[in-house]
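Below is one structure, written out as structure tokens; comments come after it.
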Amino acid sequence: MYNDNPTLESLAKTIDESKQGSVYDRGHPESAEEGDRRRFYIESYGCQMNFSDSEIVASILHEVGYVPTREMEAADLILINTCSIREKAEETVRKRLQVFDRVKQQRPGTLVGVLGCMAERLKGKLLEEEKLVDLVVGPDAYRDLPKLVHTAQDGEEAINVFLSREETYADISPLRLDSNGVTAFISIMRGCDNMCSFCVVPFTRGRERSRNAFSIAAEAADLYQRGYREVTLLGQNVDSYKWEHPDTGELVSFAKLLEMVAQVHPDLRVRFSTSHPKDITDEVLYTMAAYENICKYIHLPVQSGNSRILERMNRTYDREWYMDKVRRIYEIMPDCAISSDIIAGFCSETEEEHRDTLRMVEWANYSMSYMFYYSERPGTLAARKYEDDVPLEVKKRRLQEIIRLQNQVSYRHNQKDIGKTFKVLIEGDSKRSDQAFRGRNSQNKMIVFPKAGGLKPGMYVQVRVTDATSATLMGQLTT
Ligand code: 5AD
Ligand code: SF4
């Protein structure tokens, strides 16, 4: 999930109060003590990792007495966790900063902080250029936030954008902000050592490091105890996860980690994201096949279907290598769904090379894809080495062609599920009706079905698919 433009609605999803109680401030203080509380408001943009980081930030602030609020007008501290992946993502953040500034004018003393990738990329420039910002905090500096808030309150420059080689926030228990009480993210590693030429991430999130495997399994076990039934293990490149036990020297690979988490409980589903085609191993695929509760779904970004473009992108695999991986996945797990990320119009891409990408979408039979047109990012290898020479209209047209084709492929993929029965984990009410539930099957497809008595979020049910669009399956309970 990449979110360049979330609505406020999606930022404030309902919390299942019966399960964990709202972590948010009620807004109507019932005691003097509640009235005195300091409040923070946080918005997150970008990848799942960013949303997960915001929960770490929330936990750090909570420790020093702050409570989260959904109303920015009520906040003493307004934070925005930012994304730099495309220019559009940064533009969205700049617009939000203008909105926060209006709140600040009405409530002098309110502090505004920029967190995450944009903070890291622009550093002090954010304080200088945008007089709208009081704090700038990079992705590895969140422990410093309480101190930086004091610095900003004293009217001094509050900035920490140091990148770390060790920080994994392993000991911090995230405050689950917009939880449905059923599914949660667990961050297993940080940073990225791949040097994809289009990508700003290695510059904003620093070197790759893996989190203590036991702290990951313990977090999963704790979530299970609290009623959660699905965890998604997160990292920029989960397949290069590697952790060495400091005492025994034992090495934990990603396959081993998956197994450790799968063994927490058979009723705890395990997902992961994102995989890099060059790193996903047979061992991972066999581990997935061996455990029913490891979901049969792999997000395997191809980026381009053409070998020359892949080389320019520095992806370190070519079209054939990628196709071999896809074949291997379907061979070991015939029921596995694969999704992708695709960039249209990378530097010097020809029409024929673009058609290779279209052919790949058909061939790989992706259940869905996240699709973008290339946006040059300052400082990246591509910005330094290649000319961004595909005209914007051409990029947009190619992107539209990819989207149109992917929609058809997704539709076909979903139509094939009609008549099949899937095990579905109920996540909550359908978006359209409170008479229907929604949940996902192992392949990560959303299924909507009419409610029945005694069922609630967090339960597994068997659902027979009766209809399908390109985005959703519709079905009926069979149990
Ligand atoms: N322009 C467009 N898309 C990009 N992505 C990463 N960098 C860029 C860029 N400069 C896409 C890739 C990546 C996803 C997270 O965002 O497809 O997998
Ligand atoms: Fe955006 Fe990438 Fe940073 Fe995630 S890691 S917030 S996608 S720039």
Side-chain angles (χ1 to χ4, degrees), residues 1-2 4 85-88 194 196-199 273-278 280 297-331 334 336-377 380 382 386-417 443-445 468-473:
M1 178 193 69
Y2 291 89
D4 285 355
I85 201 117
R86 284 169 289 275
E87 206 176 327
K88 205 172 133 235
N194 297 326
C196 300
S197 61
F198 51 78
C199 191
S273 189
T274 296
S275 293
H276 194 300
K278 80 172 163 58
I280 190 162
Y297 169 68
I298 301 178
H299 184 56
L300 195 72
V302 68
Q303 311 296 1
S304 164
N306 175 268
S307 295
R308 189 186 73 90
I309 294 296
L310 286 169
E311 193 182 346
R312 289 202 132 199
M313 287 177 162
N314 207 19
R315 290 290 286 177
T316 70
Y317 56 83
D318 61 11
R319 181 179 172 88
E320 281 65 41
W321 166 282
Y322 184 88
M323 290 169 83
D324 279 346
K325 278 287 166 205
V326 170
R327 273 190 209 103
R328 198 84 187 115
I329 293 169
Y330 288 142
E331 196 178 295
C336 191
I338 303 177
S339 62
S340 194
D341 288 349
I342 299 170
I343 300 177
F346 186 64
C347 313
S348 83
E349 185 191 68
T350 65
E351 285 302 320
E352 182 51 25
E353 289 166 341
H354 161 62
R355 279 195 289 276
D356 274 343
T357 299
L358 293 172
R359 283 188 277 267
M360 180 63 87
V361 170
E362 281 268 7
W363 181 85
N365 193 28
Y366 296 128
S367 57
M368 54 101 55
S369 292
Y370 298 100
M371 298 156 281
F372 319 96
Y373 64 77
Y374 175 60
S375 159
E376 185 177 88
R377 308 310 294 132
T380 55
Y386 306 126
E387 202 186 328
D388 180 13
D389 54 0
V390 178
L392 186 62
E393 319 81 70
V394 176
K395 286 181 184 172
K396 286 187 173 169
R397 192 251 306 145
R398 288 183 190 168
L399 175 62
Q400 278 318 311
E401 287 174 10
I402 299 170
I403 292 174
R404 202 176 320 121
L405 178 63
Q406 179 61 65
N407 281 343
Q408 289 167 9
V409 172
S410 298
Y411 181 73
R412 267 202 319 258
H413 204 289
N414 288 350
Q415 286 282 314
K416 278 208 185 125
D417 289 335
Q443 289 73 12
N444 206 35
K445 290 192 185 176
T469 67
S470 63
T472 318
L473 305 179

Which heavy atom in [X] sits nearest to a heavy atom in [Y], and how many Å separate them?
X	Y	answer
G305	D356	O-CB, 3.5 Å
P301	Y322	O-CE1, 4.0 Å
C199	T380	O-CG2, 3.4 Å
R327	D324	NH1-OD1, 2.7 Å
G345	Y374	O-CB, 3.6 Å

| task | Please say whether more than 12 non-hydrogen atoms of neighbouring residues, nucleotides or ligands are located less than 6.0 Å from OH in Y330. | result | yes
| Y317 atom OH, neighbour heavy-atom count above 12 within 6.0 Å | yes
| Salt bridge R359-E362, side-chain N to carboxylate O under 4.0 Å |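 Result for this pair is no, no salt bridge flagged.
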| Stepwise, does the side chain to side chain contact (heavy atoms under 4.5 Å, CB included) test hold for T316 with L310? | CA-CA 7 Å; T316 70; L310 286 169; over 6 Å; no
Spacing of [X] atom [atom1] and [Y] atom [atom2] [to the nearest 0.5 Å]:
X	Y	atom1	atom2	answer
R308	R312	CZ	CZ	5.5 Å
E349	N306	CD	CG	7.5 Å
Q400	R398	CD	CZ	14.0 Å
I342	L405	CD1	CG	8.5 Å
N314	C196	CG	SG	7.0 Å
L399	L392	CG	CG	10.5 Å

Heavy-atom donor-acceptor pair, [X] side chain to [Y] backbone, under 3.5 Å:
X	Y	value
S275	L300	no
K325	I280	yes
N414	S470	yes
T469	A471	yes

Does the side chain of [X] reach to within under 4.5 Å of the side chain of [Y], using non-hydrogen atoms?
X	Y	answer
R319	S304	no
K445	M368	no
D388	K395	yes
I402	T357	yes
M323	W321	no
V390	Y373	no
I343	M313	yes
E320	S307	yes

| So E393 and K396, side chain to side chain contact (heavy atoms under 4.5 Å, CB included) or not? Walk me through it. | CA-CA 5 Å; E393 319 81 70; K396 286 187 173 169; 5.7 Å; no
| query | Hey, mind stepping through N365 and I338 against side chain to side chain contact (heavy atoms under 4.5 Å, CB included) and telling me if it holds? | reply | CA-CA 8 Å; N365 193 28; I338 303 177; over 6 Å; no
| Is the distance between the ring centroids of Y366 and H413 under 6.0 Å? |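 Judged by ring-centre distance (under 6.0 Å), Y366 and H413 do not meet the cut-off.
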| How far apart are the C-alpha atoms of R404 and E401, what are their side-chain angles, what is the distance that settles it, and do they pass the salt bridge (charged side-chain N to carboxylate O under 4.0 Å, His left out) test? | CA-CA 5 Å; R404 202 176 320 121; E401 287 174 10; 5.9 Å; no
| said: H299 and side-chain hydrogen bond (donor to acceptor under 3.5 Å, both in side chains): which single residue from S367, S339, S273 fits? | reply: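 Looking at S367, S339, S273, the match for H299 under the side-chain hydrogen bond (donor to acceptor under 3.5 Å, both in side chains) is S339.
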| request: Could you check Q406, R412, Q408 and say which one makes a side-chain hydrogen bond (donor to acceptor under 3.5 Å, both in side chains) with S410? | output: Q406
| query | Does the ring of F198 carry R377 above it, NZ/CZ under 6.0 angstrom from centre and within 45° of its axis? | reply | no
| message | Between Y386 and S348, is there a side-chain donor-acceptor contact under 3.5 Å, judged purely by atom types and distance? | response |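 No.
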